[in-house]
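This report refers to the structure that appears directly beneath it.
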Amino acid sequence: MYEIDLSTLLLIGIDEYHTKVITIDDEFIIKENVRNLVDNSCRFFGSSINDRIKNTNRLINISSKTPIVIEDSRNIIFFPLKSTRDKINIWISFNNLVTYEKNEKKTLLIFKNNKNIYLDFSYYIVDNQVTRSMMLDYEIKKR
């Protein structure tokens, strides 16, 4: 079973049964849907995905495509590009994302260690999710 950690960059739901995990050093596919993988990682660190979503909602009043803190002590934040209920989704590490750029109809994500990944997602969706994650990060650091 895979737990999300500081080296995890991206989780891409392939179908309802498989997730592609991209880390700083590796890429592999696991037999688990992305929502369950995120939920199991949250539970490993002491809370469910639903509890994390409720906490984000309480802190920054966001209830759709909710960024969440996977692990509190290291402030590991991930954000989805679709609804958190979707089993086929993309979750991005806010902590490891350095910048992102519009590239025609795709978005280029630039992570730590100069790992570049193109996503077939609107720049504006990514930008909105990064902004939400920044708000969450700010509220957590204020505490």
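One is the number of the first residue; the rest follow in order along the sequence.
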Can you confirm whether [X] is buried at [atom1], in the sense that more than 12 heavy atoms of other residues, nucleotides or ligands lie under 6.0 Å from that atom?
X: Phe44; atom1: CZ; value: no
X: Arg74; atom1: CZ; value: yes
X: Asn114; atom1: CG; value: no
X: Lys20; atom1: NZ; value: no

Could you tell me whether the side chains of [X] and [Y] share a donor-acceptor contact shorter than 3.5 Å?
X: Asp5; Y: Ser7; value: yes
X: Ser41; Y: Tyr2; value: no
X: Asn95; Y: Asn75; value: no
X: Ser73; Y: Glu71; value: yes

Do the side chains of [X] and [Y] join up, straight or via other hydrophobic residues, at under 4.5 Å, putting them in one cluster?
X: Leu108; Y: Phe94; result: no
X: Met135; Y: Val126; result: yes
X: Tyr123; Y: Ile117; result: yes

Donor-acceptor check, side chain of [X] to backbone of [Y], threshold 3.5 angstrom: yes or no?
X: Thr19; Y: Glu32; answer: yes
X: Ser133; Y: Phe79; answer: no
X: Lys65; Y: Asn128; answer: no
X: Asn40; Y: Asn36; answer: yes
X: Glu16; Y: Ile88; answer: no

Would you indicate whether the side-chain heavy atoms of [Y] and [X] approach each other to under 4.5 Å?
X: Tyr100; Y: Asp127; answer: yes
X: Asn57; Y: Thr66; answer: no
X: Ser93; Y: Leu10; answer: no
X: Leu119; Y: Lys106; answer: no
X: Leu37; Y: Ile30; answer: yes
X: Asn33; Y: Tyr17; answer: no
X: Arg58; Y: Asn55; answer: yes

Could you tell me the separation between the [atom1] atom of [X] and the [atom2] atom of [Y], rounded to the nearest 0.5 Å?
X: Asn50; Y: Arg85; atom1: CG; atom2: CZ; answer: 10.0 Å
X: Ile92; Y: Thr8; atom1: CD1; atom2: OG1; answer: 13.5 Å
X: Cys42; Y: Ile70; atom1: SG; atom2: CD1; answer: 4.0 Å
X: Ile77; Y: Ile68; atom1: CD1; atom2: CD1; answer: 10.0 Å
X: Trp91; Y: Ile4; atom1: CH2; atom2: CD1; answer: 8.0 Å
X: Ile22; Y: Phe28; atom1: CD1; atom2: CZ; answer: 10.0 Å

Nearest atoms (heavy-atom pairs only) where [X] meets [Y]:
X: Leu6; Y: Ile24; value: O-CD1, 4.4 Å
X: Leu9; Y: Phe78; value: O-CE2, 4.3 Å
X: Lys115; Y: Asp26; value: NZ-O, 4.1 Å
X: Asp86; Y: Arg35; value: O-CB, 3.8 Å
X: Val98; Y: Lys112; value: CG2-N, 3.5 Å
X: Val34; Y: Asn89; value: CG1-N, 3.6 Å

* **Step-by-step side chain to side chain donor-acceptor pair (under 3.5 Å) determination, Thr107 to Tyr124** => CA-CA 9 Å; Thr107 302; Tyr124 302 103; over 6 Å; no
* Carboxylate-amine/guanidinium proximity below 4.0 Å for Arg43 and Asp39 -> yes
* Asked: Does the distance from a Lys or Arg side-chain N to an Asp or Glu carboxylate O, for Asp72 and Arg52, drop under 4.0 Å?
  -> yes
* To do: Start with the C-alpha gap between Phe121 and Lys82, add the side-chain angles, then the distance that decides, and say whether side chain to side chain contact (heavy atoms under 4.5 Å, CB included) holds.
  => CA-CA 10 Å; Phe121 258 87; Lys82 297 186 202 174; 4.0 Å; yes
